[in-house]
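Residue numbering restarts at 1 for every chain, and letters A, B, ... go by the order of the sequence lines.
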Amino acid sequence: MERYNFKLVEEKWQRYWLDNKTFKSSKNKNKEKFYCLEMFPYPSGKIHMGHVRNYAIGDVLSRYKTLKGYNVLHPMGWDSFGMPAENAARQNNLNPKTWTEKNIEIMKTQLKLLGLSIDWDREISTCSPEYYKHQQKIFLDLYDKGLVYRKESYVNWDPIDKTVLANEQVIDGKGWRSGAVVERKKLNQWFFKISYFSEELLNDLNDLDNWPDKVKTMQKNWIGKSFGCEIDFKVEGSEKIKSIRCYTTRPDTLFGFSFLALSVDHPLSKLYEKDKDFIDFKEECSKTGTTEESIAQATKIGFKTELKAINPLDNNSKVPVYFANFVLMDYGFGAVFGCPAHDQRDFDFAKKYKLEIKTVVKPLDEKEDYQVGNEAYTGPGVIINSKFLNGLAVPDKSINEAIKILEEKNLGNKKTNFRLKDWGISRQRYWGCPIPIAYDENHNVVKIPEKDLPVMLPDKVDLNTNGNPLDSQKEWRHLNINGKKCTRETDTLDTFVDSSWYFLRFCSAKAQNEPFVIDDIDYWMPVDQYIGGVEHAILHLLYSRFFMRAISLDNKKTGLKEPFKGLFTQGMVCHETYRDENNNWVFPEDVTSEDGENFYLNENPSKKVTVGPSESMSKSKKNTIDPEKIIKIYGADAVRLFILSDSPPEKDIQWSDTGISASFRFLQKFWSLNEKILKNQKKFSLFDEDLEKFTNQIIQKFEKDLDRFSFNVVIASIHKIYTFYNKHINKKDWGTNFYKNYVNILKVINPVMPHFSNECLKKLDQKTDEIKWPAIDKRYLKEENFNIVIQINGKKRKVFSMSEAIDEETLIKNIKKDPQMKKYIDNKQIIKTIYVENKLINFIIN
RNA sequence: GCCCUCGUGGUGAAAUUGGUAGACACAAAGGACUUAAAAUCCUUGCCGCUUGCGGAGUGCCAGUUCGAGUCUGGCCGAGGGCACCA
């Protein structure tokens, strides 16, 4: 019997698909479309298991939908701008472009080994001018729409490398490369006005029915809508300043007001910029680390001014004004009123500076003379000690009433606030999309004319200079626009911009003169199923939602707002971590074990290896498995089968060597089943109803499980199929329907293991092009063997197997006759009987 | 601190609207076949007693229900997100 040679088979079919352009997609308005998209990879060098899992899921879905008769779009591209290229190029003295293009070639080859059903004719790469020229066009379009602006803002500045660092490049307050203490520096930066859509981005989450709730909640919190009131506080003690505006969500606690706190960046700080004590204080504030921990533990410090703020509801109450380190400038107005009794931060601050702590809310179960203890009380209750607000229920009534009164007295206004900040898109980097802007001699912004697009990245740059390499490109920087001397913007775009519209480009990947053709996106968009890692739950997905709205704004031709109709976030691939005696990480392939308990180095079995917990595969911990090596040993179908089995796709999965080899052996077993069937094709004679039932029911289950992404259950069904068919064939139950049903089985497993399925079908002389999902014969879906559970007082005592439906009366008669059941029922009074038709009967007795 | 999710055998898990808990696999043990090995197939969740049967059982404690892994409340534990957002 011929062994299954996955290598030959997989190569053969991959060649066939390529030569025949099997997965080429084109618009067909008579056919329902399905746009399946996985998050495109960054070409870092090689694919990793995370990619394998992501693309296996997407591929199964794409192939399934194709079988179901949809016109499927399943493209792939490269998120190819970004810092790793710049760093790698610097290290190896290469050009980022060369490095990136080489990686793309390698990874493309690896993806093809997986047998993905991708339309490679639509391949795009964001670092290619063919792509970014359109992005520059979109940038200018958004500029014209007023959604792009420039303002001064703070950045993390590395004083040694003279460059801006992203937040994740700042480690313990120091630059990741130079180790220099990072400074806050004000720079002119470009922004997208994502806040223009805050309300919409929040509300429209409600319509995204096919998104995970988790992601929607994360976005909701990120947008952070809060409802409150802006209040002007009159100020005494300075000629220059008469009032300070604050934002609060708790205007009802205004009678507990005991200080007013300002951010050190508040405009009022100008009054103190020559005050040495204030300069020292500001310095002290900036030292508070940037790490989450240090912020959480930071003590609250303040700088007392000579100013007094007046309580708008009680003009006799005058309280000190402080600058305080815990007030943020970019939320609200950079000024807050302090109510220590009912806000923990204010409480901590008041304790430190011995300010009054006046209780104005009491919990419902406390007496009128309630006083807050060692911490602020922020829960619900009733207003006290607050004159005309007393007795109001906290929070809803009290807040609404307080706002009403403030508005009536012209002291404040109802206000909604969002946490979502505008998106800073300037990066002082070389390997990114140039911003198509220049400045004239008076520093005015000048758009690069459309005819001069794309603004090409210069090929030859010195990456070893400090700061942005583009700054030193003298020739490139200077240009004339309409006869005026100008200099180019040297910042490039955040790479998140590249990935905010690539799903549109796939619809018109070859369009020369525009980013996309309206007719194409009308047909293909929105993406029906988007699949990727949960790490992009907020930024990438929110930015894409913003882009879709920004592009559609004032655009009469497309009104699309949501780019992704369905979203699926898959879990990570994990593996145990290994360390040698010197505590260095060791690759799993360099480790061996005979008993599964003690581990040693392959090269030196006397050296013990300690096993750490299983964690998400990462290069730094060396707990990675190279997909290419695994595919070469076990084949793509075995890898696909394994990576989809066992764990539900949204959860993390454990890589296991025994698991992958079991999948491999399973394919071998399935193959020999196929061989047996092939040899005995002529022997089918008897009709077998059980087979018909099994097959139709399992295909139905397949559909249901595929539709709800239960791939692990689908794989379980495949195992069941094998066991069932193998049993039948060993018993020589050659039903006339055996062959037909088996062929249908080969079709439904096709999305999961396409090479294997195609090869088996071919061997049985079946067509492999345009395979259709088999129609289910409804006659066999009806369960005709009824298992009726007999319960006594809700406890299972026996199961009756019936070949046909039975009525309650007969059933009870049978039960009473049953010798096993007799002992439970005889001489007992049946108080109640619960009967679920053909399923269950429950006797309640005493 | 706030928000969200999840707790089921040795392990990954299944159970779609409350109705036979543990499908399907991994590991381990035992068995069949074999001169032997590989491969393949079968059996085994736990505790009792003699095949068979009985008991407990889905993190813990209550509740609703004829019936709860599933619903409600409280507690404990794990993971994730946000983090001085006023």
Please state whether the rings of A:W423 and A:Y543 are parallel, tilted or perpendicular, taking 30° and 60° as the class boundaries.
parallel

Testing B:G67, B:C24, B:G81 for proximity to the side chain of A:N842, the answer is B:G67

Picking from B:A21, B:A86, B:C82, the nucleotide nearest the side-chain atoms of A:S226 would be B:A86

Regarding the side chain of A:K720, the nearest nucleotide among B:A56, B:C26, B:A23 is B:A23

Closest to the side chain of A:W222, out of B:A21, B:C66, B:A83, is B:A83

Exercise. Is the number of heavy atoms from other residues, nucleotides or ligands under 6.0 Å of A:K352 NZ greater than 12?
Worked result: yes

Please tell me whether A:F349 and A:Y322 form a close aromatic pair, meaning their ring centres lie under 6.0 Å apart. yes

Taking B:A86, B:U20, B:C84 as options, the one with an atom nearest any side-chain atom of A:Y331 is B:A86

Nucleotide N/O to protein N/O under 3.5 Å, stretch nucleotides 36-43 of chain B:
{"residue": "B:C41", "atom": "OP1", "partner": "A:K669", "partner atom": "NZ", "Å": "3.3"}

Exercise. Give a yes/no answer on whether the side chain of A:R797 brings an N or O atom under 4.0 Å of OP1 or OP2 in B:U20.
Key: no

Among the nucleotides B:G19, B:U20, B:G81, whichever has the atom closest to the side chain of A:I834 is B:G19

Picking from B:U16, B:A86, B:C26, the nucleotide nearest the side-chain atoms of A:T248 would be B:A86

Scoring nucleotides 1-14 of chain B by protein non-hydrogen atoms under 4.0 Å (B base, S sugar-phosphate only, - none) yields --S--------BSS

Rounded to whole Å, the CG-C1' distance (A:D330 to B:C84) equals 12 Å

Ranking B:U16, B:C82, B:C26 by distance to the side chain of A:A662, first place goes to B:C26

With sugar-phosphate meaning primed atoms plus P, OP1 and OP2, does A:Q791 contact a base, only sugar-phosphate, or nothing at under 4.0 Å between heavy atoms?
base

Glycosidic torsion of B:G9 (syn if within 90° of 0, anti otherwise) classifies it as syn

- [ ] Could you walk me through whether A:T416 and A:F418 pass the side chain to side chain contact (heavy atoms under 4.5 Å, CB included) test, one step at a time?
- [x] CA-CA 7 Å; A:T416 304; A:F418 292 93; 4.2 Å; yes

From CG of A:N417 across to P of B:A86 the rounded distance in Å is 8 Å

Applying the Watson-Crick and G-U criteria (both distances under 3.5 angstrom) with [ ] for crossing and | for other-strand pairs, one obtains for RNA chain B (((((((..(((......[....))).(((((.......))))).((((..))))...(((((..]....))))))))))))....

